[in-house]
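Presented below is the structure to which this report refers.
Indexing begins at 1, ligand by ligand and atom by atom, following the structure's order. Every heavy atom of this structure was used, including side-chain atoms; hydrogens, water molecules and symmetry mates were not.
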Amino acid sequence: MQKVIILFGKPGAGKGTRLGEFLKGRENLFEVLSVGNLLRKALKEQTELGKRAEFYMNSGGLVPDEIINELVIDAIRNSDKPIITDGYPRTVGQAKAMLNAGILPYNVIELFVDDEIVLQRARDRIVCGTCGEPYTTNDFKPPKTQGICDKCGGTLVRRKDDEESVVLKRLEVYQEQTYPVVEFLYDNGVEIHTIDSSTPASREKFATLLSN
Ligand code: AMP
């Protein structure tokens, strides 16, 4: 079984951005499973999965466990590299399904930020409409050319679920359904590392944990 690292944190905690920075030059060493990106791609292509997920995603809720488990557990099993999951498991039901499938994560890296910062980051975030690469409208990670993705040349757009009312709903869902996953995994012997995502030192700590 490949090593599985779970990347954990509120929406807007910086998971995708931190991961993107870390992976530069290491793209071939890890398999990254971003459930949000997989779902957004399915939605854009209007596949069966995308159509089933659309309502939940646009309202800030979670897509039902059975749809997600099917998508992710197979992908984890089929990978031949260490896997970083961004956005899975997000409910205790998903975490149970993962353990029942014989997948015991190596560790959990939790990026922590206050809700206020999450709301500000959602206002500042833009993503590539084609490949999903995240950027910011402030000077944290701006694209080289305004409105254009550095990676694939796609057009940068705001995510529908970054609207304030949807972000507030996503924070509520995180607190109620996702946060208990950390406790569940800890109780099952998985090591949990928490990093304060708002400090400059968090970049280095994050990279060290992923490289170990
Ligand atoms: P993200 O980009 O990780 O914030 O995901 C965007 C949206 O996709 C979420 O608000 C959920 O609607 C859905 N989603 C992503 N990961 C999961 C998951 N593990 N379980 C259920 N829904 C998910």
Side-chain angles (χ1 to χ4, degrees), residues 4-20 32-76 83-101 103 105 108-113 115 117-119 121-136 141 156-182 184-185 197:
V4 176
I5 297 169
I6 294 180
L7 190 52
F8 207 83
K10 293 173 189 173
K15 301 186 294 292
T17 308
R18 287 270 179 277
L19 199 54
V32 175
L33 212 63
S34 164
V35 181
N37 282 355
L38 285 177
L39 292 174
R40 276 185 288 278
K41 184 164 178 272
L43 196 103
K44 194 165 167 241
E45 291 167 0
Q46 282 291 295
T47 63
E48 206 46 50
L49 170 70
K51 286 182 197 156
R52 286 168 78 191
E54 185 163 17
F55 164 76
Y56 304 100
M57 292 179 74
N58 286 345
S59 64
L62 293 178
V63 178
D65 285 354
E66 57 277 14
I67 301 178
I68 300 290
N69 288 329
E70 201 182 304
L71 183 75
V72 178
I73 290 175
D74 275 353
I76 293 178
I83 300 159
I84 304 169
T85 70
D86 170 3
Y88 184 87
R90 237 154 148 153
T91 64
V92 171
Q94 291 175 16
K96 279 186 182 159
M98 185 174 70
L99 298 189
N100 287 341
I103 301 164
V108 172
I109 303 177
E110 184 200 3
L111 286 176
F112 176 81
V113 280
D115 288 1
I117 294 181
V118 168
L119 288 163
R121 285 184 181 172
R123 284 177 214 124
D124 291 342
R125 174 160 60 181
I126 37 175
V127 298
C128 176
T130 307
C131 74
E133 181 71 9
Y135 297 90
T136 62
K141 191 194 166 193
L156 303 183
V157 294
R158 277 182 61 79
R159 273 168 52 169
K160 256 192 199 164
D161 58 1
D162 274 341
E163 276 170 33
E164 189 139 321
S165 61
V166 183
V167 176
L168 288 169
K169 168 77 183 159
R170 291 166 77 204
L171 285 170
E172 193 184 305
V173 167
Y174 179 84
Q175 198 55 37
E176 283 172 8
Q177 297 188 58
T178 304
Y179 197 72
V181 170
V182 173
F184 174 80
L185 290 174
S197 173

**Report entry** Presence of salt bridge, E54 and K160, under 4.0 angstrom
**Finding:** no
Query raised in the report: Does R158 come within less than 4.0 Å of E163, counting only side-chain N to carboxylate O?
Result: no
Query raised in the report: Looking at side-chain heavy atoms only, is the closest gap between I126 and D162 below 4.5 Å?
Result: no
Query raised in the report: Quick one: does L49's side chain get under 4.5 Å of I67's, heavy atoms only?
Result: yes
Query - Min side-chain heavy-atom separation R159-P11 under 4.5 Å - result: no
Query raised in the report: Can you find an N/O atom of P11 closer than 3.5 Å to an N/O atom of ligand 1?
Result: no
Report task. Considering only non-hydrogen protein atoms, determine which one is nearest to atom 6 (C) of ligand 1 and report residue, atom name and distance to 0.1 Å. Result -> R40 NH1, 3.5 Å
Query raised in the report: Do N37 and ligand 1 have an N or O pair less than 3.5 Å apart?
Result: no
Query raised in the report: Counting heavy atoms only, which of R90, K169, M57, K15 is nearest atom 3 (O) of ligand 1?
Result: R90
Query raised in the report: Do you know which of D115, L119, V118, V173 makes side-chain contact (heavy atoms from CB on, under 4.5 Å) with L168?
Result: L119
Query raised in the report: For ligand 1, which part of L62 has a heavy atom less than 4.0 Å away: the side chain, the backbone, both, or neither?
Result: both
Query - Y88 vs L33 side-chain heavy atoms within contact, under 4.5 Å - result: no
Query raised in the report: In the protein, which heavy atom is nearest to atom 10 (O) of ligand 1, and how far is it?
Result: R170 NE, 3.7 Å
Requested in this report: Among all protein heavy atoms, pick out the one at the shortest distance from atom 13 (C) of ligand 1; state its residue, atom name and that distance to 0.1 Å.
Outcome: L39 CD1, 3.5 Å
Query raised in the report: If you count the atoms of ligand 1 from 1 in the order shown, which ones are under 4.0 Å from a heavy atom of Q94?
Result: 18 (C), 19 (N), 20 (N), 21 (C)
Report summary line: The option among G16, G61, G87 carrying the non-hydrogen atom nearest to atom 19 (N) of ligand 1 is G87
Requested in this report: Report the relative orientation of the aromatic rings in F8 and Y174; use parallel for angles under 30°, tilted for 30 to 60°, perpendicular for over 60°.
Outcome: tilted
Report summary line: shortest atom 22 (N) of ligand 1-to-protein heavy-atom contact is with V63 N, 3.0 Å
Query - Location of contacts on Q177 toward ligand 1, heavy atoms closer than 4.0 Å - result: neither
